[in-house]
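Sequence lines set the chain letters: A, B, ... in the order given, protein chains first and strands last, and positions in each chain run from 1. Computed from heavy atoms alone, side chains included, the values below leave out hydrogens, waters and symmetry copies.
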Amino acid sequence: MQPDPYHVWLSEIMLQQTTVVTVGPYFEKFLNLWPTVHALAAASLDDVLTAWAGLGYYARARNLHKCAIAVSIEFGGQFPKDRDNLLSLPGVGPYTAAAISAIAFDKPEVVVDGNIERIVSRLYRITTPLPAAKKEITEFASKIMPRRRAGDYAQALMDIGATICTPRTPNCAACPVSRHCAAFAAGDMAQFPVKAPKKVKPTRRAVVFWLERSDGAVLLRRREEKGLLGGMMEFPSTDWGEETLSIEMAIMRLFPAHFQALAGQAAQKSLVRHTFTHFHLELQPVVTSLEAPDETILPGGQWVKPEEFGSYALPTLMNKVARAVAKG
DNA sequence: TATCCGTGGTA
DNA sequence: TTACCAAGGAT
């Protein structure tokens with residue numbers, strides 16, 4: 001009994017760089033909203049982003065939607081079974097293509113994720129740093145894999161990686177293959193896999209506006225489709241840069257036509273700190289109220305009442321801002 | 001090859 | 001508090 005390829009694909013996309021515990025509720029929600037790939041393909045991108053909100057790496061959600069449309073139209077709703085055709089799909093790379101082919105279709109593909117990289121690099125004590133070692137690791141992984149049940153094997157290996165052969169302090173006493181492990185023999189398991197040194201994250205800052213209308217609605221806008229938090233909703237803010245901006249300067253940048261109305265009554269809230277993959281961010285929330293014709297305020301702005309935020313594609317960062325405004 | 005792209009848990 | 005880490009992919 002092989003699993004539904006749609007389920008396998010959906011879970012593999014969600015599990016990219018994301019833990020099983022985090023993915024669980026999202027996977028259930030998506031299957032309830034869109035039980036088939038056709039249903040997902042028929043959904044709007046905005047609805048998909050809204051359901052994805054909080055999971056991060058939002059390009060995954062945009063590609064998920066694209067991929068559903070591709071499978072629905074170009075493949076008649078049937079996921080391709082072989083690695084190469086899977087690789088042509090948006091958001092499906094070497095790992096995911098091999099995983100879907102092996103798990104959903106029982107094909108003998110070499111599956112190499114971060115767990116398996118760690119296990120193999122320890123078994124053979126591979127000193128080449130990642131990501132350069134990827135090819136070498138894949139060759140070793142190919143040599144030790146069984147000829148049957150590649151999908152079960154891959155999942156078993158990933159489970160060992162997640163529970164026994166862990167990054168910091170592996171539980172080698174519980175490991176079924178420790179007697180074959182070169183790093184265990186040498187006693188330096190935690191040194192592997194060797195990775196290239198990381199860069200320090202710079203800090204960016206901005207002023208973010210909680211602009212409220214007399215009926216309680218707050219101003220939101222949509223970010224551009226590509227890049228950071230692409231396609232997600234946000235509270236309007238100044239550009240995220242290195243320098244600290246005064247409240248007055250921020251109002252001048254974003255709402256120059258309403259400087260007089262806003263400058264006097266702007267109230268600061270507690271600083272919101274958030275870390276992305278490659279930089280730290282400090283957002284200074286400012287609460288103000290304004291009554292003015294929409295077209296004079298902000299192009300593309302949208303008034304939304306806080307109790308409706310749940311049905312909007314707000315990333316975690318913006319929910320942090322909302323929390324900071326509600327508290328202090 | 002290097003950089004960009006989220007978030008929550010953990011030591 | 002900070003840094004590191006997770007079932008990667010796109011450019």
J.: Can you pull out the residues from residues 11-36 of chain A that lie within a 4.0 Å heavy-atom distance of DNA chain B?
T.: Q17(A), T18(A)
J.: Round to a whole Å and report the spacing from OH of Y95(A) to P of dG8(C).
T.: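 So the OH-P distance, Y95(A) to dG8(C), works out to 7 Å.
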J.: Compute the ring centroids of F279(A) and F276(A), then answer whether they are less than 6.0 Å apart.
T.: yes
J.: Is Y58(A) close enough to dT7(B) that one of its side-chain N or O atoms is under 4.0 Å from OP1 or OP2 there?
T.: yes
J.: In whole Å, what is the span from the CZ atom of F276(A) to the P atom of dC4(B)?
T.: 14 Å
J.: What nucleic acid atoms does K320(A) come within less than 4.0 Å of, heavy atoms only: base, sugar-phosphate, or nothing?
T.: nothing
J.: Counting only side-chain N and O atoms of H274(A), is one of them less than 4.0 Å from OP1 or OP2 of dT7(B)?
T.: yes
J.: For M158(A) and dG8(C), what is the distance between atoms CE and C1' respectively, to the nearest whole Å?
T.: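 One finds 13 Å between C1' of dG8(C) and CE of M158(A), rounded.
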J.: For dA6(C), does OP1 or OP2 lie under 4.0 Å from any side-chain N or O of R118(A)?
T.: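 Yes, because at least one side-chain N or O of R118(A) sits under 4.0 Å from OP1 or OP2 of dA6(C).
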J.: Mind running salt bridge (Lys or Arg N to Asp or Glu O under 4.0 Å) on E234(A) and R221(A) for me, showing each step along the way?
T.: CA-CA 6 Å; E234(A) 68 175 0; R221(A) 67 178 175 188; 2.8 Å; yes
J.: Do other residues, nucleotides or ligands put more than 12 heavy atoms under 6.0 Å from N171(A) CG?
T.: yes
J.: Say you pick atom P in dC4(C) and the same atom in dT3(B); how far apart are they, in whole Å?
T.: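 My reading of the P atoms in dC4(C) and dT3(B) gives 16 Å.
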J.: For dG8(C) and T96(A) - does any side-chain N or O of the residue sit under 4.0 Å from the phosphate oxygens OP1/OP2?
T.: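 T96(A) to dG8(C) OP1/OP2: no side-chain N or O under 4.0 Å.
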J.: Flag yes if more than 12 heavy atoms outside K81(A) fall under 6.0 Å of its NZ atom; otherwise flag no.
T.: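 At most 12 heavy atoms, drawn from other residues, nucleotides or ligands, come within 6.0 Å of this atom.
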J.: I want to verify a distance call: between dG6(B), dA11(B), dA6(C), whose nearest atom is closest to the T277(A) side chain?
T.: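 Within the option list, the nearest is dG6(B).
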J.: Expressed in whole Å, how much space separates the P atoms belonging to dG6(B) and dT11(C)?
T.: 14 Å
J.: Distance from D159(A) atom CG to I164(A) atom CD1, nearest 0.5 Å?
T.: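 So the gap between those two atoms works out to 9.0 Å.
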J.: Check whether any side-chain nitrogen or oxygen of T169(A) sits under 4.0 Å from OP1 or OP2 of dA11(B), and answer yes or no.
T.: no
J.: Touch check for R273(A), heavy atoms < 4.0 angstrom, all strands: base, sugar-phosphate only, or nothing?
T.: nothing
J.: To the nearest 0.5 Å, tell me how far Y312(A) OH sits from Q302(A) CD.
T.: 5.0 Å
J.: Across the strands shown, which category fits K198(A) at heavy-atom distances under 4.0 angstrom: base, sugar-phosphate, nothing?
T.: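 Sugar-phosphate: the residue K198(A), judged by heavy atoms under 4.0 Å, touches backbone atoms but no base.
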J.: Run E291(A) and S214(A) through side chain to side chain donor-acceptor pair (under 3.5 Å) and show every step you take.
T.: CA-CA 7 Å; E291(A) 229 34 70; S214(A) 59; 3.1 Å; yes
J.: Could you state the atom-to-atom distance from CZ of F192(A) to P of dC4(C) in whole Å?
T.: 19 Å
J.: Verify side chain to side chain donor-acceptor pair (under 3.5 Å) between T203(A) and E282(A), making sure each step is shown before the conclusion.
T.: CA-CA 7 Å; T203(A) 299; E282(A) 296 177 358; 5.1 Å; no
J.: Decide yes or no on ring pair (Phe, Tyr, Trp, His ring centres under 6.0 Å) for W52(A) and Y26(A), but give the supporting numbers first.
T.: CA-CA 7 Å; W52(A) 195 277; Y26(A) 284 89; 7.3 Å; no
J.: Of the nucleotides dT7(B), dA6(C), dC4(C), which one has an atom closest to the side chain of L317(A)?
T.: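 Of all the options, the side chain of L317(A) is nearest to dT7(B).
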J.: Out of dG8(C), dT7(B), dA11(B), which nucleotide sits closest to the side chain of R168(A)?
T.: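 Looking only at heavy atoms from C-beta outward on R168(A), the closest nucleotide is dA11(B).
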J.: Quickly work out the I137(A) CD1 to dG8(C) P distance and round it to whole Å.
T.: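 Atom-to-atom, I137(A) to dG8(C), this comes out as 13 Å.
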J.: Do L130(A) and E117(A) have side chains that approach each other closer than 4.5 Å (heavy atoms only, starting at C-beta)?
T.: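 A side-chain contact under 4.5 Å exists here.
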J.: Given dC5(B), dT7(B), dA3(C), which nucleotide is nearest the side-chain atoms of H280(A)?
T.: dA3(C)
J.: Could you check whether G54(A) gets within reach of a base, just the sugar-phosphate, or nothing at all, counting any heavy atom under 4.0 Å?
T.: sugar-phosphate
J.: How long is the line joining CG of N63(A) and P of dC5(B), in whole Å?
T.: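 Checked: the CG to P distance equals 14 Å.
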J.: Taking the side chain of R60(A) as its heavy atoms from C-beta onward, which of dG6(B), dA6(C), dA10(C) lies nearest to it?
T.: dG6(B)
J.: Could you check how far CD of E234(A) sits from P of dG6(B), rounded to whole Å?
T.: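 Rounding to the nearest Å, CD of E234(A) and P of dG6(B) are 13 Å apart.
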J.: Between dA10(C) atom P and R62(A) atom CZ, what is the distance in whole Å?
T.: 12 Å
J.: Between the protein and nucleotides 1-3 of chain B, list the N/O to N/O atom pairs that are separated by less than 3.5 angstrom.
T.:
from	atom 1	to	atom 2	distance (Å)
dT3(B)	OP1	K199(A)	NZ	2.0
dT3(B)	OP2	K199(A)	NZ	3.2

J.: When rounded to the nearest 0.5 angstrom, what is the spacing between OH in Y95(A) and CD1 in I116(A)?
T.: 7.0 Å
J.: Pick the nucleotide of DNA chain C nearest each of G161(A) and L89(A); which residue has the one closer to the 5' end?
T.: G161(A)
